[in-house]
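Just so we're on the same page: letters track the sequence lines, and every chain starts at 1.
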Protein chains: 2
Amino acid sequence: MELTPEKNANVFKAFCDEKRLAILELLRSGEKCACMLIDQMEIGQSSLSYHMKILCESGIVESRQEGKWTHYKISEQGSHKAMLLLKAITTPNATAEDTRCCNQ
Amino acid sequence: MELTPEKNANVFKAFCDEKRLAILELLRSGEKCACMLIDQMEIGQSSLSYHMKILCESGIVESRQEGKWTHYKISEQGSHKAMLLLKAITTPNATAEDTRCCNQ
DNA sequence: GCTTCATATCAAAAAATGTCAATATGAAAG
DNA sequence: CTTTCATATTGACATTTTTTGATATGAAGC
């Protein structure tokens, strides 16, 4: 897994928008198709499609095609990766806090 | 802890911007004052101030005033809360995935 | 008190993101 | 192969976020 700042930021773009959080909340109860998400969110079709693309690219959501329908669900693997990434980003690294600053 | 979608989104705004990720990376090695962050990031003073405000409001970073200087560090508590929140957002909820969709 | 220095805030411009309506794509059914 | 239906893509526009430069604030030293 590559860890560029850009890719890392993309993972968390899934969570920094209220509508996407609302979509994820709906997906917590299991796989949903786009039409159902459009119904439950108050949102246009192209707008949902836009958000689903971001969610899928973040790795947090995965999609499954079934004929004309697209079904979305939360990706366990993606969520797990996000957890690890969040941990990594917020955990102090080995080289201790010895950098003294300014006038100190 | 209140859990409005808005507040939840704000937590993750800390992580969805490359510059803020870079700032967090610097803070992983310990507390830093603003002047040092300005040096190491290629960023203007008011721009850093803007990002630090977002980071602090997300709870991920905490600041400490010392005379004229402001020191920033990653908040252990804030990071922990973010982990819990991420877990909550991506974990299937009790009511199983029984909602059948469309033509299924 | 005034001056200096570090940081915050403001207002305008620039850049990025989100929305909407129209159109394209591609699968299924006829 | 034409039509229909679900979703994706596009382009124009609106909204939000970020940057920049100017100014404000507030602590420390004189």
Spacing between [X] atom [atom1] and [N] atom [atom2], to the nearest angstrom:
X     : N      : atom1 : atom2 : result
A/R64 : D/dT7  : CZ    : C1'   : 15 Å
B/F12 : C/dT17 : CZ    : C1'   : 20 Å
A/L48 : D/dT7  : CG    : P     : 9 Å
A/H51 : D/dT15 : NE2   : C1'   : 12 Å
B/M41 : D/dT20 : CE    : P     : 12 Å
B/L55 : C/dA8  : CG    : C1'   : 16 Å
A/Y50 : C/dC20 : OH    : C1'   : 13 Å
B/K32 : C/dT7  : NZ    : P     : 14 Å

Would you mind telling me which of [options] lies closest to the side-chain atoms of [X]?
X     : options               : result
B/C33 : D/dT7, C/dT7, D/dC5   : C/dT7
A/C35 : C/dT17, D/dT7, C/dC5  : D/dT7
B/K13 : C/dA6, D/dT19, D/dT17 : D/dT17
A/K68 : D/dT9, C/dA8, D/dC5   : D/dC5
B/W69 : D/dG21, C/dA6, D/dT9  : C/dA6

**Message:** Does A/I54 reach a base, just sugar-phosphate, or nothing at all? Heavy atoms under 4.0 Å.
**Reply:**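 Here A/I54 touches the backbone only, sparing every base.
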**Request:** Using a heavy-atom cut-off of under 4.0 Å over every strand shown, decide if A/S47 touches base, sugar-phosphate, or nothing.
**Result:**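 Contact class for A/S47: sugar-phosphate only.
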**Request:** Take A/Q65 and A/D17, find for each the nucleotide of DNA chain C with the closest heavy atom, and name the residue whose nucleotide sits nearer the 5' end.
**Result:**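 Closest to the 5' end, via its nearest nucleotide, is A/D17.
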**Message:** Closest-nucleotide mapping onto DNA chain C: is B/S49 or A/K19 further toward the 5' terminus? I mean the 5' end.
**Reply:**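 Between the two, 5'-proximity favours B/S49.
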**Message:** With rounding to the nearest 0.5 angstrom, report the SG to CD distance, A/C35 to A/Q45.
**Reply:**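 So the SG of A/C35 and the CD of A/Q45 are separated by 11.0 Å.
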**Rounded distance [0.5 Å steps], OG1 in B/T90 versus CZ in A/R28** =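 The distance works out to 8.5 Å.
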**Message:** Hydrophobic cluster membership, with links at side-chain heavy-atom distances under 4.5 Å among I/L/V/M/F/W/Y: are B/I54 and B/I43 in one?
**Reply:**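 In one cluster with B/I54: B/I43, no.
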**Request:** Hey, can you tell me if B/F12 and A/F15 have their rings parallel, tilted or perpendicular (30° and 60° cut-offs)?
**Result:**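 Rings of B/F12 and A/F15: tilted, as their planes differ by 30° to 60°.
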**Any donor-acceptor N/O pair under 3.5 Å between C/dA6 base and B/Q45 side chain** =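 No pair found.
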**Prompt:** On a plain distance test, is the side chain of A/T70 in donor-acceptor contact with the base of D/dA8 below 3.5 Å?
**Reply:**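 Per atom types, no contact qualifies.
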**Request:** Check B/D39, B/L27, B/I23 against B/K32 for a side chain to side chain contact (heavy atoms under 4.5 Å, CB included) and give me the one that passes.
**Result:**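 Single side chain to side chain contact (heavy atoms under 4.5 Å, CB included) partner of B/K32 among B/D39, B/L27, B/I23: B/L27.
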